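These figures come from a predicted structure and were not determined experimentally.
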Amino acid sequence: MSSLHVRLGRTGLRVSRVAIGTVNFGGRVDEADAHRLLDHAVAQGVNLVDTADIYGWRVHRGWTEEMIGRWLAKDPARRDEVVLATKVGNPMGDGPNARGLSARHVVAACEASLRRLQTDTIDLYQMHHVDREVGWDEVWQAMEQLVRQGKVRYVGSSNFAGWDLVAAQEAARRRRLLGLASEQCVYNLVSRYVELEVLPAAAAEGIGVLVWSPLHGGLLGGVLRKLADGTAVKSAQGRAAEAVERHRATLTAYERFCAEIGRDPAEVGMSWVLHRPAVTAAVVGPRTPEHLDGALRALRRPLSAAELARLDELFPPPGRGGPAPDAWMS
């Protein structure tokens with residue numbers, strides 16, 4: 001078995017350490033390029049494809065799932081090659097029941113995702129956010145129904161607090177269910193607050209950890225150099241631009257450090273995430289095959305102990321000078 005693939009938490013499911021995230025599909029990546037990216041990912045051994053029912057909202061909610069569905073339909077054998085993950089919980093319409101984690105919405109949203117994805121089963125069905133208005137017995141009743149019908153194989157979470165992970169698992173145990181297979185959270189050098197509770201809770205409960213925004217929206221990808229030469233895209237506008245100014249001194253030192261060790265900033269930031277002990281996989285949102293190849297290079301090239309120590313000096317963990325939790329994705 002290739003070292004590219006590991007078990008997802010305590011399950012027997014094996015997923016690639018790098019997952020292809022699809023939030024840019026239907027926005028910064030058109031359908032033809034998205035399909036080429038997916039082809040390239042599978043050819044490189046990347047088998048985890050992560051999406052959400054709300055993705056593609058720039059066209060309409062569900063558009064990204066439809067794009068992936070058309071890619072899967074081109075070759076029926078592809079479905080057996082990928083671990084297909086999507087999410088539920090964000091508003092999919094204006095009605096009062098078109099959102100959240102009620103049993104009604106979870107079941108209806110799953111069936112709608114299956115139609116858009118042109119498949120019979122979702123391998124990993126993730127709750128996009130916790131819904132504090134819905135009890136866990138109701139949530140697990142819906143998920144249990146979907147698993148028994150063969151529409152879902154594993155259940156995951158996203159953006160949960162450590163307490164939410166434990167509460168979800170306790171409720172699942174009462175129903176004699178497997179419970180959560182994974183938690184997807186934001187984690188990177190700039191945003192390390194999940195080290196306080198989320199990562200320890202996931203480890204204690206045997207929950208795999210999938211990381212989104214491993215480069216903090218491009219902030220750790222050489223943003224200062226890209227701004228200087230005019231090639232910055234996402235990080236040149238709005239909240240991302242404000243974050244650049246807030247972290248400019250640290251980013252200057254970070255990019256200088258990367259130059260000193262002869263590695264691209266994006267590769268350094270990705271390598272740091274991928275070699276954290278708690279992390280199962282990093283969800284990357286590539287716009288080109290080269291972006292994906294860079295993440296795979298980062299997987300193959302761990303940082304040295306001295307390099308890791310320097311990064312801890314630049315980006316201290318919470319409790320040792322790191323930012324407070326409310327600074328996440330700032």
Side-chain angles (χ1 to χ4, degrees), residues 7-13 15 48-55 61-62 64-65 68-69 79 83-185 197-198 201-210 212 280:
R7 288 174 55 202
L8 182 64
R10 67 198 184 287
T11 76
L13 181 67
V15 298
L48 181 54
V49 177
D50 180 75
T51 191
D53 55 4
I54 198 173
Y55 289 176
R61 285 168 282 199
T64 300
E65 287 186 332
I68 295 170
R79 183 63 188 89
V83 175
L84 187 58
T86 191
K87 307 182 192 76
V88 59
N90 272 313
M92 291 299 289
D94 298 327
N97 291 307
R99 66 196 67 204
L101 298 178
S102 69
R104 182 184 192 275
H105 180 63
V106 167
V107 172
C110 177
E111 292 171 345
S113 286
L114 290 170
R115 288 192 295 271
R116 288 189 291 264
L117 291 164
Q118 299 190 47
T119 188
D120 296 324
T121 304
I122 294 165
D123 293 308
L124 180 62
Y125 200 38
Q126 302 161 104
M127 294 170 275
H128 214 148
H129 302 274
V130 70
D131 186 342
R132 303 194 190 282
E133 295 183 352
V134 179
W136 281 114
D137 280 339
E138 180 178 354
V139 174
W140 285 122
Q141 173 185 296
M143 294 298 185
E144 184 178 10
Q145 174 184 329
L146 293 171
V147 170
R148 287 183 173 175
Q149 291 174 340
K151 295 175 181 176
V152 166
R153 292 196 172 106
Y154 297 93
V155 178
S157 61
S158 182
N159 305 305
F160 275 31
W163 169 251
D164 297 321
L165 297 178
V166 175
Q169 292 301 79
E170 285 299 312
R173 273 192 282 268
R174 289 196 300 269
R175 301 178 69 94
R176 300 181 183 276
L177 302 177
L178 177 66
L180 296 173
S182 63
E183 156 63 13
Q184 187 170 156
C185 57
E197 295 183 359
V198 175
E205 297 288 350
I207 298 170
V209 175
L210 309 177
W212 65 271
T280 303

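- Considering CD1 of Ile54 and CZ of Arg61, their distance stands at 6.0 Å, rounded to 0.5 Å.
- For the pair Glu183 (side chain) and Asn159 (backbone), a donor-acceptor distance under 3.5 Å is present.
- Contact detail for Trp136 and Ala167: the closest heavy-atom pair is NE1-CB, 3.8 Å.
- Heavy atoms of other residues, nucleotides or ligands lying less than 6.0 angstrom from CD of Gln118 number more than 12.
- Asp50 contributes atom CG, which lies 5.0 Å from atom CD of Gln126 (distance to the nearest 0.5 angstrom).
- One distance of note links CG of Leu114 with CD1 of Ile122; it measures 4.5 Å at 0.5 Å rounding.
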If you apply the rule salt bridge (charged side-chain N to carboxylate O under 4.0 Å, His left out), what do you find for Asp123 with Arg79, and how did you get there? CA-CA 10 Å; Asp123 293 308; Arg79 183 63 188 89; 3.0 Å; yes
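- Remark: side-chain polar atoms of Lys87 are paired, donor with acceptor, to backbone N or O of Thr51 under 3.5 angstrom.
- Across Trp140 and Ala171, no two heavy atoms sit closer than the pair CD1-CB, 3.8 Å.
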Verdict with reasoning, Val83 to Arg153, per side chain to side chain contact (heavy atoms under 4.5 Å, CB included): CA-CA 10 Å; Val83 175; Arg153 292 196 172 106; over 6 Å; no
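- Taking the charged nitrogens against the carboxylate oxygens, Glu205 and Arg173 do have a contact shorter than 4.0 Å, which makes a salt bridge.
- The salt bridge (Lys or Arg N to Asp or Glu O under 4.0 Å) test with Arg175 singles out one residue from Glu170, Glu138, Glu144, and that residue is Glu144.
- More than 12 heavy atoms of other residues, nucleotides or ligands sit less than 6.0 Å from atom CG of Asn97.
- Smallest separation of non-hydrogen atoms from Tyr125 and Cys110: OH-N, 3.0 Å.
- Nearest heavy-atom pair, Met127 versus Val155, reported as atom, atom and distance to 0.1 Å: CE-CG1, 4.0 Å.
- Judged purely by distance below 3.5 Å, without hydrogens or angles, the side chains of Ser113 and Glu65 pair a donor atom with an acceptor atom.
- Contact detail for Leu178 and Gln169: the closest heavy-atom pair is O-NE2, 4.1 Å.
- Between atom CZ of residue Arg116 and atom CG of residue Asp53 there is a gap of 6.0 Å, rounded to the nearest 0.5 Å.
- Nearest approach of Leu165 to Ser157, heavy atoms of both residues: CD2-OG, 3.4 Å.
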Could you go step by step and tell me if Arg115 and Glu111 meet the salt bridge (charged side-chain N to carboxylate O under 4.0 Å, His left out) rule? CA-CA 6 Å; Arg115 288 192 295 271; Glu111 292 171 345; 5.1 Å; no
